[in-house]
Amino acid sequence: MTVEIVTGRQDPAAVERSLRALPDWFGIEESVLSYIDDAKTKPTYLAVDDDEVIGALLETRHNEASAEIHLLLVAPGRHRQGVGRALVTAFEGDLRDAGVRLLEVKTQGPSMPDPDYAKTLKFYLALGFIPLEELHGLWPENPCLILVKPL
């Protein structure tokens with residue numbers, strides 16, 4: 001597998017295809033539409049294999065010291081092949097170069113157990129993220145777990 005991480009361009013159509021292929025994670029239509037809109041403007045990292053987008057990461061920069069993984073997705077047939085790790089690693093490298101010291105990501109909180117989100121949490125923990133806080137009410141449908149990683 002040769003995956004290239006591409007920056008400096010948006011591909012909302014590829015993000016939409018991937019979102020719709022992952023209904024266990026992205027099954028709320030309002031959220032899907034919001035992510036598609038975000039993919040038009042937010043800084044984007046694309047994982048490309050043989051000219052096909054197989055993953056994407058959207059960035060939110062909060063301030064000069066902190067940033068967030070706004071969206072991370074990998075095509076269903078490409079899970080557990082290092083694509084997500086490659087996207088996050090590239091993003092972290094750019095953040096370090098820019099002097100960013102803290103990276104945040106949000107996912108569904110463990111107080112609402114779900115096997116798919118348990119895999120997501122395991123992934124982020126393996127990358128060195130630390131659970132900070134679970135919030136109720138930020139997302140109407142689900143509890144939100146905030147994880148952070150010092151860079």
Side-chain angles (χ1 to χ4, degrees), residues 3-49 52-63 65-92 94-95 98 100 102-149 151:
V3 173
E4 178 185 5
I5 305 301
V6 176
T7 61
R9 71 172 190 169
Q10 282 82 24
D11 192 339
V15 169
E16 180 175 8
R17 282 191 301 276
S18 296
L19 286 165
R20 297 204 182 279
L22 296 164
D24 292 337
W25 282 273
F26 303 102
I28 301 169
E29 184 66 12
E30 181 179 335
S31 294
V32 169
L33 294 174
S34 179
Y35 282 130
I36 294 165
D37 280 344
D38 293 338
K40 297 173 185 174
T41 59
K42 286 194 174 285
T44 302
Y45 289 69
L46 299 171
V48 179
D49 185 13
E52 177 187 359
V53 175
I54 59 168
L57 182 153
L58 302 182
E59 169 185 348
T60 296
R61 190 74 62 102
H62 294 296
N63 54 53
S66 67
E68 180 177 349
I69 296 173
H70 181 73
L71 173 69
L72 176 63
L73 51 83
V74 174
R78 302 306 295 263
H79 288 190
R80 305 210 34 87
Q81 296 178 17
V83 177
R85 180 178 290 272
L87 285 162
V88 173
T89 299
F91 182 43
E92 288 177 353
D94 289 347
L95 292 174
V100 175
L102 188 65
L103 180 57
E104 171 189 347
V105 68
K106 296 178 181 91
T107 190
Q108 182 170 308
S111 68
M112 182 182 282
D114 178 280
D116 294 314
Y117 281 101
K119 293 176 195 172
T120 300
L121 179 56
K122 184 177 178 181
F123 169 78
Y124 285 121
L125 293 174
L127 290 178
F129 283 84
I130 302 162
L132 178 67
E133 180 179 17
E134 184 176 272
L135 302 175
H136 297 267
L138 181 63
W139 297 335
E141 300 86 0
N142 300 308
C144 172
L145 178 65
I146 298 173
L147 297 109
V148 295
K149 181 177 182 179
L151 298 175

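- By the side chain to side chain donor-acceptor pair (under 3.5 Å) test, E30 is found to be paired with no residue, residues two or more places apart in sequence or in another chain being considered.
- A side-chain donor-acceptor contact under 3.5 Å links Q10 to the backbone of K42.
- Summarising the geometry, atom CZ belonging to R78 is positioned 4.5 Å from atom CG belonging to D49; distances are rounded to the nearest 0.5 Å.
- Expressed to the nearest 0.5 Å, how far CD of E59 lies from CG of D38 amounts to 12.5 Å.
- In terms of heavy atoms, L73 sits closest to S18 at CD1-CB, 3.2 Å.
- In this structure Y35 satisfies the ring-ring contact (aromatic ring centres under 6.0 Å, His included) test together with F26, H70, sequence neighbours excluded.
- Side-chain atoms of E134 come within 3.5 Å of backbone N or O of S111 as a donor-acceptor pair.
- Note that CG of L102 is 10.5 Å distant from CD of E68, once rounded to the nearest 0.5 Å.
- Within the 3.5 Å criterion, the main-chain N or O of I5 finds no donor-acceptor partner in the side chain of T7.
- Side-chain contact annotation: N63 with S66, donor-acceptor N/O pair under 3.5 Å present.
- The two residues P76 and L22 come nearest to each other via the heavy atoms CG-CD2, 3.7 Å.
- Atom CG of L95 and atom CG of L151 lie 6.0 Å apart (nearest 0.5 Å).
- A distance of 4.5 Å separates NE2 of H62 from CD of E104, quoted to the nearest 0.5 Å.
- Within the 4.5 Å cutoff, the side chain of R85 has no heavy atoms near those of the V88 side chain.
- Taking CD from E92 and CG from L127, the interatomic distance works out to 7.0 Å, rounded to the nearest 0.5 Å.
- Across all non-hydrogen atoms, the minimal contact from L125 to P131 is CD2-CD, 3.7 Å.
- In this structure the side chain of L72 reaches within 4.5 angstrom of the side chain of Y124, judged on heavy atoms.
- The existence of a salt bridge linking E133 and K106 is excluded, since no basic side-chain nitrogen approaches an acidic carboxylate oxygen closer than 4.0 Å.
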side-chain contact (heavy atoms from CB on, under 4.5 Å) assessment of V100 paired with R61: CA-CA 9 Å; V100 175; R61 190 74 62 102; 3.5 Å; yes

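- A side-chain N or O of D94 and one of Y45 form a donor-acceptor pair less than 3.5 Å apart.
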Steps toward side-chain contact (heavy atoms from CB on, under 4.5 Å) verdict (L71, L19): CA-CA 10 Å; L71 173 69; L19 286 165; 4.2 Å; yes

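- Within the 4.5 Å cutoff, side-chain heavy atoms of L103 are placed close to those of F91.
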Chi angles and distances behind the side-chain contact (heavy atoms from CB on, under 4.5 Å) call for D37, K40: CA-CA 5 Å; D37 280 344; K40 297 173 185 174; 3.3 Å; yes

Step-by-step side-chain contact (heavy atoms from CB on, under 4.5 Å) determination, Q108 to L121: CA-CA 8 Å; Q108 182 170 308; L121 179 56; over 6 Å; no

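- Contact record, L46 with A56: CD2-CB, 3.9 Å, taken as the closest heavy-atom pair.
- Proximity of R20 to I36: side-chain heavy atoms (C-beta onward) are separated by under 4.5 Å at one or more points.
- Listed here is the closest heavy atom pair of L87 and G55: CD1-C, 3.8 Å.
- Side-chain contact between I69 and F129: present, with at least one pair of heavy atoms (C-beta onward) separated by less than 4.5 Å.
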